[in-house]
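Quick notes on the structure that follows.
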Amino acid sequence: MLSADHRNVSSILTVILVAWFLLVLGAGYAGAFESGPTRPPLAVLVAFVGPPLIFAALYRASRGFRDFVLAIDLRLLTAVQSWRVVGVMFLAFYAFGLLPGLFAWPAGVGDLAVGLAAPFVLLAMLRRSPTWRRQVLGLNIAGLVDFVGAIGTGVLSSNSSIGLVADGAAHVSLGSLPLSLIPTFAVPLWTILHIVSLLQLARMKGTVSVGQAALATPSI
């Protein structure tokens, strides 16, 4: 059972997540994330970097928030990564000429790999495999590396002023809806989930047994 404090934090975070989604949805509808060929995609970059930085500040400043984050079920955090398989849509868009290959291939393959690996890592946790912690670590590091690579190639291949390797062809823009929700909401949210998983691994390292670590954190 969650304490009253944890329930309050959970309710507040739910409101924040909904507000965040509606904010970036509205901004996308208004064209705020469109940069055009003469400007860098600063709005998208701020939307991507901002939420993890805010999370880090809250984690450092608030003990209640920190306790809540460390109490999230690590198995749930791992299972959620299975949703990364939807990244295969980047390859579908590339096949129809809607996205540049420099972005679509690493982003699509990386997301698909992480999404397919997540159930096996979860199974290792449930079976209390001796290597489950290493597998969780690898999954989350791979997920973060994939995001960094995807954002980097997305920016460099974009039709913005810093699209140094843009092919000049007409592609759908990651700054327009519905794709703008990926770099402005989905990617920063999943980045935070990766960070939470890594924080939990760091906390439990050397302090609990494998069985205890796999089962210690309650579901939220």
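Worth saying up front: this structure is predicted, and the values here are computed from it rather than measured.
- Heavy atoms only, all atoms of each residue included: Leu174 and Pro183 are closest at O-CG, 3.7 Å.
- Here Leu116 pairs with Val85, Leu112 under the side-chain contact (heavy atoms from CB on, under 4.5 Å) rule; sequence neighbours left out.
- For residues 47-66, the set of pairs meeting the side-chain hydrogen bond (donor to acceptor under 3.5 Å, both in side chains) definition, not counting sequence neighbours, is empty.
- If you chain together hydrophobic residues whose side chains sit under 4.5 Å apart, Val88 and Leu139 never meet in one group.
- Applying the ring-ring contact (aromatic ring centres under 6.0 Å, His included) test to every pair with at least one member in residues 112-131, sequence neighbours left out, gives no pairs at all.
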Next item on the list: Take Leu77 and Asp73 through the side-chain contact (heavy atoms from CB on, under 4.5 Å) test and state the conclusion after the steps.
Entry: CA-CA 7 Å; Leu77 293 170; Asp73 193 333; over 6 Å; no
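- Using modelled atom types, one side-chain atom of Gln200 and one backbone atom of Ile72 make a donor-acceptor pair closer than 3.5 Å.
- The backbone N or O of Val136 sits less than 3.5 Å from a side-chain atom of Asn140, completing a donor-acceptor pair.
- To the nearest 0.5 Å, atom CG of residue Leu198 and atom CD1 of residue Ile141 are 6.5 Å apart.
- In this structure, CZ on Phe55 lies 11.0 Å from OG1 on Thr191, to the nearest 0.5 angstrom.
- Side-chain heavy atoms closer than 4.5 Å link hydrophobic residues (I, L, V, M, F, W, Y) into clusters, and following such links, possibly through other members, connects Phe147 to Ile54.
- Screening residues 24-37 for salt bridge (charged side-chain N to carboxylate O under 4.0 Å, His left out) gives no qualifying pairs among residues at least two apart or on separate chains.
- Evaluation of the ring-ring contact (aromatic ring centres under 6.0 Å, His included) rule for Phe33 yields no partner, not counting sequence neighbours.
- Contacts classified as salt bridge (charged side-chain N to carboxylate O under 4.0 Å, His left out) and involving residues 97-124 (residues at least two apart or in different chains) are given here: Arg84-Asp111.
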Notebook entry, point to check: Yes or no on side-chain contact (heavy atoms from CB on, under 4.5 Å) for Met204 and Leu74, after CA distance, side-chain angles and deciding distance?
Noted result: CA-CA 11 Å; Met204 67 178 62; Leu74 184 56; 4.1 Å; yes
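- For Val80, the side-chain contact (heavy atoms from CB on, under 4.5 Å) partners are Leu76, Trp190, Leu193, not counting sequence neighbours.
- Between Val49 and Pro52, the closest heavy-atom pair is O-CD, 3.2 Å.
- Applying the salt bridge (charged side-chain N to carboxylate O under 4.0 Å, His left out) test to every pair with at least one member in residues 151-165, sequence neighbours left out, gives no pairs at all.
- No path of Ile, Leu, Val, Met, Phe, Trp and Tyr side chains, each step under 4.5 Å between heavy atoms, connects Val114 with Leu123, placing them in separate hydrophobic clusters.
- If you chain together hydrophobic residues whose side chains sit under 4.5 Å apart, Val46 and Val148 never meet in one group.
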Distance-only donor-acceptor pairs under 3.5 Å for side chains of residues 93-102, two or more places apart:
none

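- Annotation: side-chain contact (heavy atoms from CB on, under 4.5 Å) contacts of Leu45 (sequence neighbours excluded): Ile151, Val155.
- Interatomic distance, OG1 of Thr78 versus CD of Gln135, reported as 10.0 Å (0.5 Å rounding).
- Distance check: Leu137 CG to Ser197 OG gives 10.5 Å after rounding to the nearest 0.5 Å.
- Contact record, Gly175 with Val44: CA-CG2, 4.4 Å, taken as the closest heavy-atom pair.
- Scanning for side-chain contact (heavy atoms from CB on, under 4.5 Å) contacts around Leu189 gives Leu17, Trp20, Phe185, with sequence neighbours left out.
- A single hydrophobic cluster is seen to contain both Leu58 and Leu13, as judged by linkage of ILVMFWY side chains at heavy-atom distances under 4.5 Å, directly or through other members.
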Margin query: Could you walk me through whether Tyr29 and Leu25 satisfy the side-chain contact (heavy atoms from CB on, under 4.5 Å) test, starting with their C-alpha distance in whole Å, then the side-chain angles of each, then the deciding distance to 0.1 Å, before giving a yes or no?
Written below: CA-CA 6 Å; Tyr29 182 78; Leu25 181 65; 5.9 Å; no
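- Scanning all heavy atoms of the two residues, the minimum distance from Arg75 to Leu126 falls at CD-CD2, 3.9 Å.
- Here the closest heavy-atom approach between residue Ala104 and residue Leu91 is recorded as O-CD2, 3.4 Å.
- Taken from CZ in Arg203 to CG in Leu70, the straight-line distance is 5.0 Å, to the nearest 0.5 Å.
- Evaluation of the salt bridge (charged side-chain N to carboxylate O under 4.0 Å, His left out) test over residues 98-109, restricted to residues two or more places apart or in two chains, returns none.
- Ala47 and Pro188 get closest at one heavy-atom pair: O-CG, 3.8 Å.
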